[in-house]
Amino acid sequence: MRIIALVVVAVFAVIFAIQNTDVATVSLLWWQVRASLAVIMILCLSMGLLVGLAVLAPLLYRRRNATRELQSRLAAMEANDIERKARTTRVPFDAAPATRPDGR
């Protein structure tokens with residue numbers, strides 16, 4: 001499914017680049033760049049993606065660490081629960097070993 005989505009995005013990117021070949025000028029302070037409109041749009045999209053990832057990275061890192069901590073706590077609690085159940089499990093009366101009246 002991912003491959004199909006990537007192919008569709010790639011096809012749209014090619015169509016976009018073919019249809020937007022006009023030269024555009026971008027100015028920022030003392031810089032001035034002339035390039036194809038498609039190239040400028042793709043660069044702007046890429047920079048926006050990088051900025052978004054930079055903003056989200058600390059949140060994703062904290063969530064991953066919190067998830068790992070909770071998983072380790074859950075594993076410890078499950079181990080304690082299994083140990084507690086093993087200590088408190090009683091042998092049913094029917095399963096008790098039979099003893100003879102003389103104690104043997």
Side-chain angles (χ1 to χ4, degrees):
M1 190 68 178
R2 285 184 186 174
I3 294 173
I4 294 171
L6 289 175
V7 169
V8 168
V9 169
V11 167
F12 279 120
V14 169
I15 292 170
F16 177 79
I18 291 171
Q19 289 182 344
N20 294 289
T21 57
D22 296 337
V23 176
T25 302
V26 177
S27 299
L28 178 65
L29 299 175
W30 56 87
W31 292 331
Q32 200 171 35
V33 177
R34 289 178 50 88
S36 166
L37 185 59
V39 171
I40 292 171
M41 293 293 291
I42 289 172
L43 287 175
C44 288
L45 178 67
S46 300
M47 289 179 8
L49 178 68
L50 290 175
V51 168
L53 287 175
V55 169
L56 285 178
L59 173 67
L60 296 175
Y61 181 74
R62 283 193 303 262
R63 282 189 178 178
R64 186 182 67 183
N65 285 344
T67 300
R68 285 182 181 168
E69 179 188 345
L70 289 172
Q71 286 174 341
S72 66
R73 287 176 56 192
L74 178 62
M77 290 173 71
E78 286 175 345
N80 287 342
D81 190 43
I82 290 170
E83 183 181 315
R84 182 187 52 81
K85 284 181 181 179
R87 283 190 311 233
T88 59
T89 302
R90 295 181 183 222
V91 177
F93 182 71
D94 298 1
T99 56
R100 294 179 14 186
D102 57 359
R104 290 191 266 174

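Just so it is clear, the structure is predicted and the values come from calculations on it, not from any experiment. Keep in mind that the numbers below use all heavy atoms, side chains included, and drop hydrogens, waters and symmetry copies.
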Asks: Under the rule for side chain to side chain donor-acceptor pair (under 3.5 Å), what residues qualify as partners of Glu83, not counting sequence neighbours?
Replies: Arg87
Asks: Could you go through the side chain to side chain contact (heavy atoms under 4.5 Å, CB included) check for Met77 and Asn80 one step at a time?
Replies: CA-CA 5 Å; Met77 290 173 71; Asn80 287 342; 5.6 Å; no
Asks: Name all residues meeting the side-chain contact (heavy atoms from CB on, under 4.5 Å) criterion together with Val26; count only those two or more places apart in sequence or in a different chain, and write none if there are none.
Replies: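 With neighbours one apart ignored, the set is Ile40.
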Asks: State plainly whether one hydrophobic cluster holds both Met1 and Ile3, where clusters connect Ile, Leu, Val, Met, Phe, Trp and Tyr through side-chain heavy atoms under 4.5 angstrom apart.
Replies: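 Cluster IDs for Met1 and Ile3 differ.
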Asks: Please list, one pair per line, the donor and acceptor atoms closer than 3.5 Å that link side chains of residues 45-68 to other protein atoms, with sequence neighbours excluded.
Replies:
{"unit_1": "Ser46", "atom_1": "OG", "unit_2": "Ile42", "atom_2": "O", "d": "2.9"}
{"unit_1": "Thr67", "atom_1": "OG1", "unit_2": "Arg63", "atom_2": "O", "d": "2.8"}

